[in-house]
Protein chains: 2
Amino acid sequence: MANTALSSPAAEAWALVQRLVGPQRKRFMALAAEYDLSPPQLGALKALDPARPVAMSELAGILGCDNSTVTGIVDRLEYRGLVERRPADHDRRVKLLALTEEGQELREALGERLHAPPHELASLSLEDQRALRDILRRAFE
Amino acid sequence: MANTALSSPAAEAWALVQRLVGPQRKRFMALAAEYDLSPPQLGALKALDPARPVAMSELAGILGCDNSTVTGIVDRLEYRGLVERRPADHDRRVKLLALTEEGQELREALGERLHAPPHELASLSLEDQRALRDILRRAFE
DNA sequence: TATTGTTATACTCTATAACTATA
DNA sequence: TATAGTTATAGAGTATAACAATA
């Protein structure tokens, strides 16, 4: 955990990425609190797709928790009028989750806040920003 | 949340960073489960300093939760013999947290796992790795 | 008076196991 | 038989408020 050598440039880069992202956790929690959401509720709102309904089990997969946990999270979101459960045509066991209009608006506002890059990146030179973007693009090729 | 323009290179870079780090959350949960720790317990172990005892309130600050929450987390860690509560000389209200020998060993093993860069970074060319590292270093200047 | 840590309380998240209804 | 979602249950995390010891 300490400064253990950092053998490769990738390892040091990874440590720096973690340092960049670390504060994001508190930012996420603060944002959830601001909108009176629990962190998993915010995660669920973020994970739902405005363009396509998502099955309960699919959401469980995205959030990395059990189906039974999703039931409670969605219960509260639905009670608040942010999400709707709808039957699925192709399989009557499945329930599809759709954002209500209010849910979509909230999700939009949340998204804007989460998308804003932290000042460490925003204050890099435009040249560095582009280089960083290009390297990260290559990382996913 | 969708592909909303990504106005600046910094915004796209930030989106890519989040994409890189996203899977890290599940990695973290899986690692905790593997060692029979809850995620906050793993976080606490990670936050404790092998070289310097940490006060309860300091740990609460790092974890971003209330002091009263830390009490329970540390209770379980202490019950398991991973952490010790010690009195502080300078202020008898304060309790200092120190890793036991077993706690240090576990933290070391955990650290090795968390420090390994994901394959997306590890498989970048050495040139890209170095450039990425250098840009991120500048981000923190 | 203010602060550190604990306790009491209430709520949320969490997984497991058992259940219902589909498939 | 197997799967999607719910319910019941028990344990852990979470903050708030009240408290004891200390500053």
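On a predicted model such as this, the values are computed, not experimentally measured, just so you know. Each chain gets a letter, A, B and so on, in the order the sequences are listed, and its residues count up from 1.
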[X] [atom1] to [N] [atom2], straight-line distance once rounded to whole Å:
| X | N | atom1 | atom2 | result |
| --- | --- | --- | --- | --- |
| A:Asp75 | D:dT7 | CG | P | 7 Å |
| B:Lys95 | C:dT3 | NZ | C1' | 14 Å |
| A:Leu77 | C:dC11 | CG | P | 19 Å |
| B:Met56 | D:dA20 | CE | C1' | 15 Å |
| B:Glu58 | C:dG5 | CD | C1' | 15 Å |
| B:Leu42 | D:dG13 | CG | P | 12 Å |

| said: Please tell me if A:Arg85 has a side-chain N or O lying less than 4.0 Å from either OP1 or OP2 of D:dT6. | reply: yes
| query | At under 4.0 Å, does any side-chain N or O of A:Thr71 touch on OP1 or OP2 of D:dG5? | reply |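 No, A:Thr71 has no side-chain N/O under 4.0 Å of OP1/OP2 on D:dG5.
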Pair up each side-chain donor or acceptor in residues 28-39 of chain B with any protein partner under 3.5 Å, not counting sequence neighbours, and list the distances.
residue, atom, partner, partner atom, Å
B:Glu34, OE1, B:Arg113, NH2, 3.0
B:Glu34, OE2, B:Arg113, NH1, 3.1
B:Ser38, OG, B:Gln41, N, 3.2

| request: Would you mind checking if A:Glu102 and A:Arg80 are paired as a salt bridge, meaning a charged N to carboxylate O distance below 4.0 Å? | output: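 No, this pair does not count.
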| Residues B:Asp49 and B:Arg107 bridged, charged N to O under 4.0 Å |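 Judged by the 4.0 Å cut-off on N to carboxylate O distance, B:Asp49 and B:Arg107 do not form a salt bridge.
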| field | Residues that, via side-chain heavy atoms closer than 4.5 angstrom, fall in one hydrophobic cluster with A:Val21 | value | A:Trp14, A:Leu16, A:Val17, A:Leu20, A:Leu121, A:Leu124, A:Leu132, A:Ile135, A:Leu136, A:Phe140, B:Trp14, B:Leu16, B:Val17, B:Leu20, B:Val21, B:Leu121, B:Leu124, B:Leu132, B:Ile135, B:Leu136, B:Phe140
| request: Determine whether A:Gln18 and B:His115 make a side-chain contact, defined as any pair of heavy atoms from C-beta on separated by less than 4.5 Å. | output: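 They are not in side-chain contact.
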| task | Assign a letter to each nucleotide of nucleotides 13-23 of chain C from its 5' end: B, base within under 4.0 Å of a protein heavy atom; S, sugar-phosphate only; -, no contact. | result | SBBB----BBS
| note | Partner of A:Val83 under side chain to side chain contact (heavy atoms under 4.5 Å, CB included), picked from A:Leu97, A:Asp75, A:Thr100, is A:Leu97
